[in-house]
Amino acid sequence: MAKLTVRDIDVRGKRVFLRVDYNVPLEEKDGQMVITDATRIVETLPTLKLLIEKGGRLILTAHLGRPKGQREPTMSLRPVAAKLADLLARPVAFVDDCIGEKVEKTVSALKDGDVLLLENVRYYSEEEKNNPAFAEKLAKVADVYVNDAFGAAHRAHASTEGVARVVAKRGGKCAAGLLMERELKFLGDELEKPARPFVVILGGARVTDKIKVIDRLLEKADSILIGGAMAYTFRLAQGYKTGKSLAEADKTQTANDALAKAKAKNVQFLLPVDDVVAMPVKTDKLDKKGKPVIEWQNPRTSSDMNCPDDSAGLDVGPATVKAYSDVIAKAKTILWNGPMGLFENKQFAAGTNAVAQAVADATQNNGAKSIIGGGDSVKALNKAKLGDKVSFMSTGGGASLEFLEGAVLPGLAALSEK
Ligand code: 3PG
Ligand code: MG
């Protein structure tokens with residue numbers, strides 16, 4: 001990586017404005033917001049510890065949820081400050097704003113090695129607009145800018161991009177944190193010249209979300225294994241009926257183009273050979289959004305490529321699991337993004353869990369390098385308690401996908417060159 005990192009810079013006595021991605025899942029318990037997965041906080045600790053050791057005065061900025069410019073109390077970062085203090089075993093100051101006098105006053109009292117977390121930067125609508133005046137206000141307390149928020153690096157927002165420009169213009173340094181560096185190493189460098197066979201597993205709901213990644217990886221992969229609802233767009237493209245499965249009728253040409261490119265490039269491109277299908281029935285229960293909860297009735301394995309009219313495909317079947325596991329077992333490099341089915345529902349989690357196990361086994365038994373591209377696949381691995389059996393799990397969702405597509409991430413582009 002040609003970008004400056006926290007290893008390269010001197011921060012003693014300096015105010016280090018550090019953008020982190022602390023957009024963590026929270027749940028209300030007895031009137032309190034409780035963090036249900038602290039991975040994104042834990043993963044920034046090496047950066048924080050290094051900067052503390054180097055004598056920087058740390059001012060952390062982050063967003064939580066999408067409050068759309070409103071002070072939404074359930075999206076306050078205050079519980080994150082408490083969690084961070086536990087993890088660092090040192091005090092973490094908190095200010096209930098991210099700009100203004102209160103922030104400046106607290107910052108002026110910071111000593112070398114002190115840590116301050118500012119309130120949700122998205123309480124201001126100017127953040128997402130990357131408003132230059134707002135970036136100037138944030139930058140008032142910044143001598144040095146560090147971005148360790150890989151998960152938000154695909155956003156050109158004031159705290160991820162604008163502040164860096166302001167600091168750089170003043171002659172200040174803008175560096176990547178250690179988490180950012182690690183993400184780029186695995187999602188970037190390691191996949192540049194992968195040990196072969198290089199097997200890519202792609203799942204999730206829509207071909208639309210993954211087509212750019214498929215297109216790019218067709219240049220590099222030896223095998224691409226497809227699962228999730230997006231497999232049904234391929235089925236549709238091949239002329240089969242997909243019943244009530246999620247399938248994008250307007251994307252069949254895209255699917256056929258991918259199949260043709262795979263053939264031309266001699267990439268093994270596998271689609272499910274069987275499914276778990278079930279009938280959706282609306283119940284009188286309502287979900288959080290007020291929509292009727294769907295109950296899936298009569299779940300069964302089917303090797304008919306035509307899905308019955310009254311049913312939807314919700315997971316890959318056992319023959320597919322076997323075929324995919326065999327390919328994964330021979331892999332030396334594995335990239336996995338997207339679940340094989342509706343894994344949040346136990347009835348349809350077997351395919352995703354089996355793939356998770358196969359990836360973990362290839363890593364542990366054959367020394368394969370396994371890289372999990374964030375989002376739902378990470379959730380699935382953690383749920384299966386296999387998170388520590390793979391080489392790397394990204395903390396990014398949309399950011400990892402965009403990076404794998406080959407897009408320029410604005411939060412990264414704004415950092416100083418070495
Ligand atoms: C994420 O959770 O994907 C990142 O924190 C970015 O959040 P966003 O999708 O709301 O911009
Ligand atoms: Mg997102």
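Keep in mind it's a predicted model, so treat the numbers as computed, not measured. Numbering of ligands and ligand atoms starts at 1, following listing order.
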Decide whether [X] and [Y] meet the rule of one side-chain donor and one side-chain acceptor closer than 3.5 Å.
{"X": "Glu119", "Y": "Ser76", "result": "yes"}
{"X": "Thr333", "Y": "Glu190", "result": "no"}
{"X": "Arg19", "Y": "Thr160", "result": "no"}

Min heavy-atom dist Gly397 to ligand 1 below 4.0 Å: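 No; Gly397 lies far enough from ligand 1 that no heavy-atom distance drops under 4.0 Å.
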
Contact check: His154 vs ligand 1, nitrogen or oxygen atoms, below 3.5 angstrom: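 In fact, backbone or side chain, His154 has no N or O that close.
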
Ligand 1 contact on His157 by region, counting heavy-atom pairs under 4.0 Å: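 Within the 4.0 Å criterion, His157 makes no contact with ligand 1.
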
Residues Glu181, Asp148; criterion side chain to side chain contact (heavy atoms under 4.5 Å, CB included); working and verdict: CA-CA 8 Å; Glu181 187 186 34; Asp148 213 18; over 6 Å; no

Carboxylate-amine/guanidinium proximity below 4.0 Å for Glu161 and Arg165: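 Salt bridge: yes.
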
Residues Asp114, Lys111: salt bridge by 4.0 Å N-O rule: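 Salt bridge absent between Asp114 and Lys111.
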
Shortest heavy-atom approach to atom 3 (O) of ligand 1 - which of Arg40, Glu128, Arg66: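 Ranked by closest heavy atom to atom 3 (O) of ligand 1, first place is Arg40.
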
Option nearest atom 4 (C) of ligand 1 (shortest heavy-atom distance, choices Gly151, Ser400, Ala153):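 Comparing heavy atoms across Gly151, Ser400, Ala153, the nearest one to atom 4 (C) of ligand 1 lies in Gly151.
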
By side-chain contact (heavy atoms from CB on, under 4.5 Å) - contacts of Ala231 (at least two apart):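 Per chain and number, Ala231 pairs via side-chain contact (heavy atoms from CB on, under 4.5 Å) with Ile226, Pro272.
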
For [X], take its heavy atoms, then give the atoms of ligand 1 lying under 4.0 Å from any of them.
{"X": "Arg122", "value": "7 (O), 8 (P), 10 (O), 11 (O)"}
{"X": "Asp21", "value": "4 (C), 5 (O)"}
{"X": "Arg155", "value": "8 (P), 9 (O), 11 (O)"}
{"X": "Asn23", "value": "1 (C), 2 (O), 4 (C), 5 (O), 7 (O)"}

